[in-house]
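Counting starts at 1 for both ligands and their atoms, following the listed order.
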Amino acid sequence: MSCSLRPVGRAQRARLEQLTAATGLFRPDEVAIAVELLDDALGGDDAYRFLGAFSGDEFVGYACWGPTPGTSGTYDLYWIVVDPTRQGQGFGTQLLQAVENNLMTDDGRLVIVETSSRAEYEATRAFYERRGYARAAQIPGYYAAGDDLVIYLKDLTHGVLARATA
Ligand SMILES: CC(C)(COP(=O)(O)OP(=O)(O)OC[C@H]1O[C@@H](n2cnc3c(N)ncnc32)[C@H](O)[C@@H]1OP(=O)(O)O)[C@@H](O)C(=O)NCCC(=O)NCCS
């Protein structure tokens, strides 16, 4: 199913909070962070950029990314969320593709994604892996005992980066 991708505005703030919480994957303090980042972005902070997926007028998902401080051309994908009742319909793929396209026109080289090793995130990890994200590092017990940090990366330069550092 195709959606339209548009900026996320103040009108989507409550819905963004609601659908992030509805995934069941994020603690209330993490949900609050997503909303705070939107507020920062709407306030003009270029460190956080949002793109929304809309089905008609309905806000069904979003991605949030930004330049990784202290790097050149490296970006963090901080959030990508699709309403649970709308998952598996291609919205997440369209959002991810749009973020990557945006970064490529912005001299982006590397996309970094941090996620969890917990079983609930298995579908999320599969989502990244099938879209060209390589598991680059895992830090045992990072989030909590038995909950590792898993870091994925995608080289948007298609190997130029790897050759340059070889
Ligand atoms: C991960 C996520 C953004 C993907 O969005 P989506 O719209 O469901 O993704 P698509 O429909 O484009 O693609 C579906 C793919 O995602 C995977 N997937 C992840 N969660 C899924 C779900 N709940 N339902 C269906 N597919 C899911 C499937 O493995 C499928 O892979 P395939 O197409 O390679 O077979 C979305 O499932 C989501 O919001 N998950 C919860 C929040 C999350 O984990 N965010 C990332 C960490 S910040």
Side-chain angles (χ1 to χ4, degrees), residues 1-8 12-41 45 47-69 74-104 108 110-144 146-156:
M1 190 181 288
S2 123
C3 61
S4 74
L5 301 175
R6 303 199 292 271
V8 182
Q12 283 76 45
R13 188 179 187 276
R15 181 86 182 105
L16 180 142
E17 180 171 17
Q18 191 187 39
L19 64 85
T20 304
T23 63
L25 285 182
F26 306 113
R27 296 187 310 267
D29 58 308
E30 293 175 308
V31 175
I33 290 170
V35 179
E36 259 174 49
L37 298 189
L38 177 65
D39 288 340
D40 288 351
D45 187 345
Y48 306 109
R49 302 162 192 186
F50 279 78
L51 184 66
F54 294 79
S55 176
D57 283 339
E58 194 192 347
F59 178 61
V60 295
Y62 67 94
C64 167
W65 72 100
T68 308
T74 299
Y75 288 79
D76 272 288
L77 178 67
Y78 295 116
W79 294 86
I80 181 164
V81 173
V82 171
D83 180 339
T85 65
R86 301 299 200 120
Q87 290 174 7
Q89 297 176 30
F91 297 127
T93 301
Q94 287 175 66
L95 278 167
L96 190 62
Q97 188 63 60
V99 171
E100 292 174 8
N101 291 345
N102 189 294
L103 293 184
M104 283 189 276
L110 201 56
V111 187
I112 306 290
V113 185
E114 296 186 356
T115 190
S116 156
S117 65
R118 289 199 333 254
E120 301 96 289
Y121 282 86
E122 195 175 325
T124 300
R125 294 192 299 273
F127 172 79
Y128 292 126
E129 286 167 13
R130 290 208 211 93
R131 279 148 192 88
Y133 284 74
R135 195 183 279 233
Q138 184 154 348
I139 302 181
Y142 181 86
Y143 291 112
D147 185 358
D148 304 353
L149 166 66
V150 183
I151 301 175
Y152 283 98
L153 65 82
K154 186 165 186 177
D155 173 5
L156 297 176

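Shortest contact from atom 33 (O) of ligand 1 to any protein heavy atom: R131 NH2, 3.0 Å. At the shortest separation from atom 20 (N) of ligand 1 among protein heavy atoms lies A123 CB, 3.4 Å. Atom 9 (O) of ligand 1 has as its closest protein heavy atom F127 CE1, 3.5 Å. In this structure, atom 7 (O) of ligand 1 lies nearest to the protein heavy atom G92 N, 2.8 Å. The nearest heavy-atom contact from the protein to atom 39 (O) of ligand 1 is V82 N, 2.8 Å. Scanning the protein heavy atoms around atom 28 (C) of ligand 1, the nearest turns out to be R130 NH1, 4.2 Å. Closest to atom 41 (C) of ligand 1 among all protein heavy atoms lies L25 CD1, 3.6 Å. For atom 44 (O) of ligand 1, the nearest protein heavy atom (residue, atom name, distance) is T124 OG1, 2.7 Å.
There is no protein heavy atom closer than 4.0 angstrom to atom 2 (C) of ligand 1.
The shortest side-chain heavy-atom distance between R135 and R125 falls under the 4.5 Å cut-off. Side-chain atoms of Q89 and S55, non-hydrogen and from C-beta on, never get closer than 4.5 Å to each other. Annotation: side chain of F59 is in contact with side chain of L16 (closest heavy-atom distance under 4.5 Å).
At a cut-off of 3.5 Å, with distance as the only test, no side-chain donor of Y152 or E114 sits close to an acceptor on the other residue.
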How far apart are the C-alpha atoms of L153 and V113, what are their side-chain angles, what is the distance that settles it, and do they pass the side-chain contact (heavy atoms from CB on, under 4.5 Å) test?
-> CA-CA 6 Å; L153 65 82; V113 185; over 6 Å; no
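Of the N or O atoms in Y121, none lie within a sub-3.5 Å distance of an N or O in ligand 1. Any N or O atom pair closer than 3.5 Å counts here, and T93 shares at least one such pair with ligand 1. The N/O atoms of F26, backbone and side chain alike, include none that comes under 3.5 Å of an N/O atom in ligand 1. Looking at ligand 1, you won't find any N or O of R86 less than 3.5 Å from one of its N or O atoms. At a 3.5 angstrom cut-off on N or O pairs, G90 counts as close to ligand 1.
In summary, the aromatic rings of Y128 and Y133 are positioned with their centroids under 6.0 Å apart. For F26 and W79, the gap between ring centers is short of 6.0 Å.
Heavy-atom distances between Q94 and ligand 1 stay at or above 4.0 Å for every pair. Under a 4.0 angstrom heavy-atom cut-off, T115 registers as lying outside contact with ligand 1.
Atom OH of Y143 has more than 12 neighbouring heavy atoms from other residues, nucleotides or ligands inside a 6.0 Å radius.
Each of the atoms 6 (P), 7 (O), 8 (O), 11 (O), 25 (C), 26 (N) of ligand 1 lies under 4.0 Å from some heavy atom of G88. Close approach to Q89 involves these atoms of ligand 1, each under 4.0 Å from a residue heavy atom: 11 (O).
Just one of F127, F91, W65 meets the side-chain contact (heavy atoms from CB on, under 4.5 Å) condition when paired with L96; it is F127.
Interatomic distance, OG1 of T115 versus CD of E122, reported as 11.5 Å (0.5 Å rounding).
Of the options Y62, Y128, W79, F91, the smallest heavy-atom separation from atom 47 (C) of ligand 1 is shown by Y128. Taking all heavy atoms of L95, I80, V81 into account, the minimum distance to atom 43 (C) of ligand 1 is reached by I80.
Salt-bridge formation is detected for the pair D39/R13: a Lys NZ or Arg NE/NH1/NH2 atom is positioned less than 4.0 Å from an Asp or Glu carboxylate oxygen.
Every pair passing side chain to side chain donor-acceptor pair (under 3.5 Å) that includes a residue from residues 15-26 is listed here, sequence neighbours excluded: R15-Q18, R15-D83, T20-Y62.
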